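Note that the numbering runs from 1 along the sequence shown for the chain. A quick note: this is a predicted structure, and the numbers were derived from the prediction, not measured.
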Amino acid sequence: MELIATVALKPGMELGEDVTDHKGHVILKKNTILDRNYIEKLSVHNIICVNIKEPEDYVENYFDKVKKSKSFQKFEELYFENFTAYKVSVEFLVYNKTPINNEDLLTLINNITKPLEQSKITILDMLSVLRTDDKDFLYAHGLNVALICDYTASWFSLTEEEKNTLILCGFYYDIGKFSIPESIIRKQGKLTDAEFLKIKTHPLLGFSMLSKFSNIEDDIKLATLMHHERCDGEGYPQKITEEKINKFAKIISILDAYEAMTSYRSYREPLCPFKVIEILSKDGYGKYDTNYYLSFMKRIVEEYIGKEVMLNNGTVCKVVLINSHDLSRPMVLSENGQYIDLSKEKSLYIDRLT
């Protein structure tokens, strides 16, 4: 919806919300198609502005609404304006061993995010519906994770300097995959044992590549080497445990998993954020750093308080309260005014955003 001044209203526009006077009396109901008489009625009641439906408000699926929004159209434009320069820089690094100017990478993030600071739609949701060419998968992956690092850095209580380091980790950490055969990287089916062993070499390959550049700080190199290590010692390549894993690697490992599940793929739609939280809750305990892991999941759920969702039984609800002990199952309020605690109603779950 867009808030529009009454003096700028035109016949044919549709109200996105009920319009009430100062006493709470409804003047015009939601979904009213405005004509000259209705517009005059609003003026008589001294209504200064109203919420008008935009194209995305006529789409049922939440992610389709995101795609139709003005914010996403602007984001998509900014993303691809900066993508080519980033791709060229990576190619020079990988194939010509020419270092990238890190300030240029940070400026690139700012170029994309600064014009969208007032957007009601988050970068996370816009990245979920962004489509890039399959052949550019690795380049897009690095840029996408760097954008997620920028958006979530404050969730991990990082300083401004540490935030910049985290963003640069996002750009660099998977650079070793450029040394893996493309047929393996882009394979959609299950990898063979030999292919998986090959994939597992990419942290070492990336670390080796970055070690040659003095302009890349040690934390970035270590995040590249350790982003697949797990706190329980079951990761790779070194099978080290929590106390030995670099802190930026711990954060990147979480954001890497999140990006993989929520980004658009040609063979599937992005997963519902509550499904992602459910998966991370089941699979991540003990593997990820507890403080970073819990902070991330809690903040992700908070992003959707007030948003409408559909339950698996078709009931449309609004998310109203987080259940701290079961983050994927918040308290919701149905359209008929019924509060449903999904942590207790185990037969129900959030199927999708609406």
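Under the 4.5 Å side-chain criterion, counting only non-hydrogen atoms from C-beta, Asn110 is not in contact with Leu106. Contact check for Ile52 versus Leu34: side-chain heavy atoms found under the 4.5 Å cut-off. Inter-residue side-chain proximity for Ile350 and Pro330 is flagged as met; some heavy-atom pair is nearer than 4.5 Å.
A salt bridge links Asp232 with Lys287: the closest approach of a Lys/Arg side-chain nitrogen to an acidic carboxylate oxygen falls below 4.0 angstrom. Look at Lys275 and Glu278 and you find a salt bridge, because one of the NZ, NE, NH1 or NH2 atoms lies within 4.0 Å of a carboxylate O, short of that distance. The residues Lys65 and Asp125 are annotated as not salt-bridged, no charged nitrogen and carboxylate oxygen being separated by less than 4.0 angstrom.
In this structure, Phe171 has its ring center closer than 6.0 angstrom to the ring center of Tyr86.
Cation-pi geometry between Lys250 and Tyr292 is not met: the NZ or CZ atom fails to fall both under 6.0 Å from the ring centre and inside 45° of the normal.
Both Phe63 and Leu127 are assigned to one and the same hydrophobic cluster, defined by single-linkage of ILVMFWY side chains at heavy-atom distances under 4.5 Å. One hydrophobic cluster holds both Leu9 and Leu15 under the rule that ILVMFWY side chains link at heavy-atom gaps under 4.5 Å.
Summarising the local packing, CZ of Phe92 is surrounded by 12 or fewer heavy atoms from other residues, nucleotides or ligands at distances under 6.0 Å.
Just one residue in the list Lys221, His228, His141 forms a side chain to side chain donor-acceptor pair (under 3.5 Å) with Tyr173, and that residue is His141.
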